Protein chains: 2
Amino acid sequence: MAYKDALPALADPTRRKIFERLRHGAKPVGVIAKGLPVSRPAVSQHLKVLKEAGLVDDRAEGTRRVYYIDPKGLADLRRWLDQFWDEALEAFRAEVEKDHEKK
Amino acid sequence: MAYKDALPALADPTRRKIFERLRHGAKPVGVIAKGLPVSRPAVSQHLKVLKEAGLVDDRAEGTRRVYYIDPKGLADLRRWLDQFWDEALEAFRAEVEKDHEKK
DNA sequence: CCTTACGGTAAGTTATGGCTTACAAAGATG
DNA sequence: CATCTTTGTAAGCCATAACTTACCGTAAGG
């Protein structure tokens, strides 16, 4: 069910940048925001969306909040995609078949 | 590169319904629209977005346009996701490690 | 032909979502 | 304890995206 949240979450370019920045490891909000073309509060809001989608999680570290990728959301997305993949490919083969018949 | 179009395309719930309706085979616009809570022109607009994202393709059949899933867009999305998956999982393991150290 | 069925496009409206600035809370540091 | 750092939240603004109705082109069929 969570892919319904993950897809909109990853649809936004800025949010994708944030997400991709965490690919190699955890980072506090300030570090994530540094270099991005939006304000730090904007980054906080994006992180909230990503968290609600199960794509990231965070942990307190003093006054900082360290964010890292949560595989849960990614796994849900993969599951949905894979389930689709087989059926869609099969249907596509049938389509190509029809196309060739026409000629 | 096309995953950047595929993600926003699949982020919309109505568009996902349309896409999922084509999972098992091709359908003309009218059939797709039937049962959906939006007007037929809206469906046409959604199909255009899906097509530009490489997620569907269409073929003329008399006065009808038959739409079907194009594996191309789906494949791009899978590739992006898989590439992410390995690195993210590794980073997550390091995270859990740190968590346990704290205790 | 004339009409009917089908679907794309244009124009306009409205809701949503991403951004900003301002503010508040909570831990570190002297 | 005062202050500084780091972050989340609130309120408001604005662009965009999803929808509607109206219209047009095109193929089928009497």
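Every chain is numbered from 1 and lettered A, B, ... according to where its sequence line falls, protein lines coming before strand lines. The model shown is predicted, which means the values in this text are computed figures rather than measured ones.
Applying the 6.0 Å contact sphere to NZ of A:Lys51 captures more than 12 heavy atoms from other residues, nucleotides or ligands. Counting non-hydrogen atoms of neighbouring residues, nucleotides and ligands closer than 6.0 angstrom, the NZ atom of B:Lys17 reaches no more than 12 such neighbours.
Between B:Leu47 and B:Asp58 there is no side-chain heavy-atom pair separated by less than 4.5 Å. Counting heavy atoms from C-beta on, the side chains of A:Asp5 and A:Glu52 never come closer than 4.5 Å.
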When every nucleotide of nucleotides 24-30 of chain D is labelled 5' to 3' by its protein contacts under 4.0 Å (heavy atoms), B for base, S for sugar-phosphate only, - for none, what sequence of letters results? ---SS--

Output one letter per nucleotide in nucleotides 8-19 of chain D: B when a protein non-hydrogen atom lies under 4.0 Å from the base, S when only the sugar-phosphate is that close, - when neither is. BBB-------SB

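In this structure a side-chain-to-backbone donor-acceptor pair under 3.5 Å is present from A:Arg15 to A:Pro8. A:Arg23 contributes no side-chain N or O that, together with a main-chain N or O of B:Ala88, makes up a donor-acceptor pair within less than 3.5 Å.
With B:Leu55 as the fixed residue, the side-chain contact (heavy atoms from CB on, under 4.5 Å) test singles out one of B:Asp70, B:Leu10, B:Ile69: B:Leu10.
What separates CD of A:Glu52 from P of C:dG18 is a distance of 12 Å, to the nearest Å.
Between A:Arg78 and B:Asp82 there is a salt bridge, since at least one side-chain N of the basic residue sits less than 4.0 Å from a carboxylate O of the acidic one.
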